[in-house]
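Step one of this worksheet: look at the structure below.
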Amino acid sequence: MKTALFVRGPSQTFRFILLACLSLGLMVLDHKTSMLEGLHRYAGTLVHPLQQLVDVPSSKIQELTLGFNDEQDLRTENLKLRAQNDMLSARLQEFLAIREENDQLRTLLDSSIRPENEVTSARLLAVSLNPFQQRVILDKGESDGVSAGITIVDHNGVMGQITRTYPFHSEGILASDPNHAIPVQSLRTGDRGIVVGTGDPNTFKLLNIPQTADLVPGDRFVTSGIAGRFPPDYPVATVTNVSKQSGLPFLAVSAKPLAALSRSKTVLLIRGVPRTSPTPSNDSLPGTTDKEDK
Amino acid sequence: MIVDEQKSTIVLLSSLVVAALLTILPLPDTIRHFRPDFMALAVLFWTLNQAKLKIELAWLYGIFADIATANLLGSYAFGFLLLSYLGSKIARQFTLLSLAQQMLLILFILALYTALLILINGVAGHPIPIKSSTATILTTLMAWPLVWGVGSRLNSNH
């Protein structure tokens with residue numbers, strides 16, 4: 001490189017300090033405010049083709065393995081799926097009847113009827129994002145009616161929620177991120193708590209479970225719907241370990257996610273429709289407001 | 001001469017894009033943590049090899065990396081800025097050093113860069129993957145001789 005004998009303009013160190021300050025400013029703005037959302041939107045849309053390009057091999061491999069399956073395999077799989085479908089349809093009949101009955105009972109009790117949630121399916125792009133955060137990219141965006149705050153579930157349980165939307169794709173946070181919290185309720189005992197991620201996709205922490213709660217490993221927790229962010233009654237986690245520590249107001253509970261957080265490819269996006277009647281006042285627990293507020 | 005300049009700019013930009021692609025390419029969980037930091041390698045190579053990458057461009061590349069990996073805006077930008085600044089300070093002497101000395105310097109710079117990223121993510125409240133960060137530094141260091149060898153050869157060809 002040709003270097004002038006007398007460098008004109010600001011020195012390199014000066015430019016370094018300037019840009020370093022600019023980076024710090026950007027980070028603070030991005031972390032604490034939503035002023036940079038517009039920039040994220042445009043830049044994210046520009047970068048998205050790269051993410052799609054990277055996703056191509058894994059989706060092509062999936063198609064190819066499908067092509068290599070011989071007819072016999074496909075037949076048996078088809079039969080199995082049919083049987084499963086029949087069984088699920090039968091269960092669904094039962095469920096619809098129970099739902100009908102539930103609605104009638106609720107009307108008798110003068111309680112609000114729970115509305116049906118809107119459901120869309122989406123695919124997670126096979127993109128490796130930064131190792132510090134548990135994020136995913138989904139192939140549905142604003143053009144498909146996706147908006148921030150929508151719950152992501154797979155066929156076993158809650159996976160997380162949408163944090164940012166772009167015209168044709170969206171970005172979600174997994175429930176295993178330490179900055180993510182879900183208000184939950186035990187199916188067996190009705191105890192309420194909060195599921196918080198640990199950074200490990202196979203472990204959750206359960207917070208705010210009182211010492212007196214009767215929890216045993218294997219108990220299932222479902223969303224309680226309290227903060228209004230997550231629709232109620234979606235399975236979240238099963239308890240793996242409960243330890244009582246004297247002197248502390250709450251139990252230390254660890255749980256295993258029901259959703260396959262690091263493996264699921266196809267997911268459902270669920271927009272909870274709020275119930276019409278106000279929730280009872282005793283529902284407010286400390287800290288049930290959603291921690292995901294970036 | 002101008003054609004040469006254009007050609008090398010194209011090579012530079014495309015290598016940066018390839019590095020970004022390699023970074024977001026999904027890998028199985030078992031080897032994911034051993035992926036070298038390709039973008040850091042690209043930034044280091046282009047600043048140390050004839051100082052082709054200006055610190056402003058490195059910073060912009062960092063912004064691009066932040067967007068592509070859904071990171072806090074400005075964190076990779078700061079990291080790459082640091083890499084290119086330190087790199088440009090030692091670029092003149094660097095080509096004269098032996099490979100072992102080069103790698104020692106690279107290790108030092110990578111450690112500083114990783115410490116900066118860990119600090120930023122720690123302050124932002126994200127968990128700090130010490131083990132995988134260490135693994136990344138080591139694999140990035142291992143990849144350096146290859147990048148330097150191949151890159152320098154390609155560069156001297158035109």
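Below, read A as the first sequence line, B as the second, and so on, with proteins coming before strands; counting in each chain starts at 1. Predicted model, so just to flag it, every value in this text is computed and none were measured.
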So, the part of Thr23(B) with a heavy atom under 4.5 Å from chain A: the answer is backbone
Interatomic distance, CZ@Arg15(A) vs CD1@Ile55(B), rounded to 0.5 Å, equals 5.0 Å
Ranking Ala77(B), Ser84(B), Gly62(B), Ala68(B) by heavy-atom pairs under 4.5 Å to chain A gives rank one to Ala68(B)
| said: More than 12 heavy atoms of other residues, nucleotides or ligands under 6.0 Å from NZ of Lys265(A): yes or no? | reply: yes
When the 4.5 angstrom heavy-atom criterion is applied to Val47(A) and chain B, the contacting part is side chain
Turns out that what part of Glu171(A) lies under 4.5 Å from chain B's heavy atoms comes down to side chain
Turns out that what part of Leu46(A) lies under 4.5 Å from chain B's heavy atoms comes down to neither
Taking Asp30(A) for the side chain and Leu73(B) for the main chain, is one N or O donor matched with an acceptor at less than 3.5 Å?
yes
(Q) Any side-chain to backbone donor/acceptor pair from Gln12(A) onto Tyr85(B)? Under 3.5 Å, distance only. (A) no
Under 4.5 Å to a heavy atom of chain B? For Leu36(A) that would be side chain
Nearest heavy-atom contact between Val54(A) and Pro26(B) is CG1-CD, 3.2 Å
Whatever's closer than 4.5 Å to a heavy atom in chain A on Leu22(B) counts as neither
Shortest non-hydrogen pair, Ser23(A) vs Leu81(B), comes out as OG-CD2, 4.5 Å
The reported gap from CD1 in Ile67(B) to CD in Gln51(A) (rounded to nearest 0.5 angstrom) is 10.0 Å
d(Lys89(B) NZ, Phe16(A) CZ) to nearest 0.5 Å is 9.5 Å
Rounded to the nearest 0.5 angstrom, the CE-CD1 distance for Met27(A) and Ile120(B) is 4.0 Å
With chain A, the option among Val123(B), Leu82(B), Thr69(B) that has the most non-hydrogen atom pairs under 4.5 Å is Thr69(B)
Scored by heavy-atom pairs under 4.5 Å with chain B, the best of Ser262(A), Gly199(A), Ala43(A) is Ala43(A)
side-chain contact (heavy atoms from CB on, under 4.5 Å) between Phe80(B) and Leu19(A), worked out:
CA-CA 11 Å; Phe80(B) 293 168; Leu19(A) 285 172; over 6 Å; no
Give the intermediate values and the outcome of side-chain contact (heavy atoms from CB on, under 4.5 Å) for residues Asp66(B) and Leu26(A). CA-CA 11 Å; Asp66(B) 285 325; Leu26(A) 273 179; over 6 Å; no
From the list Leu125(A), Leu29(A), Leu22(A), Thr13(A), the residue making the most non-hydrogen contacts under 4.5 Å with chain B is Thr13(A)
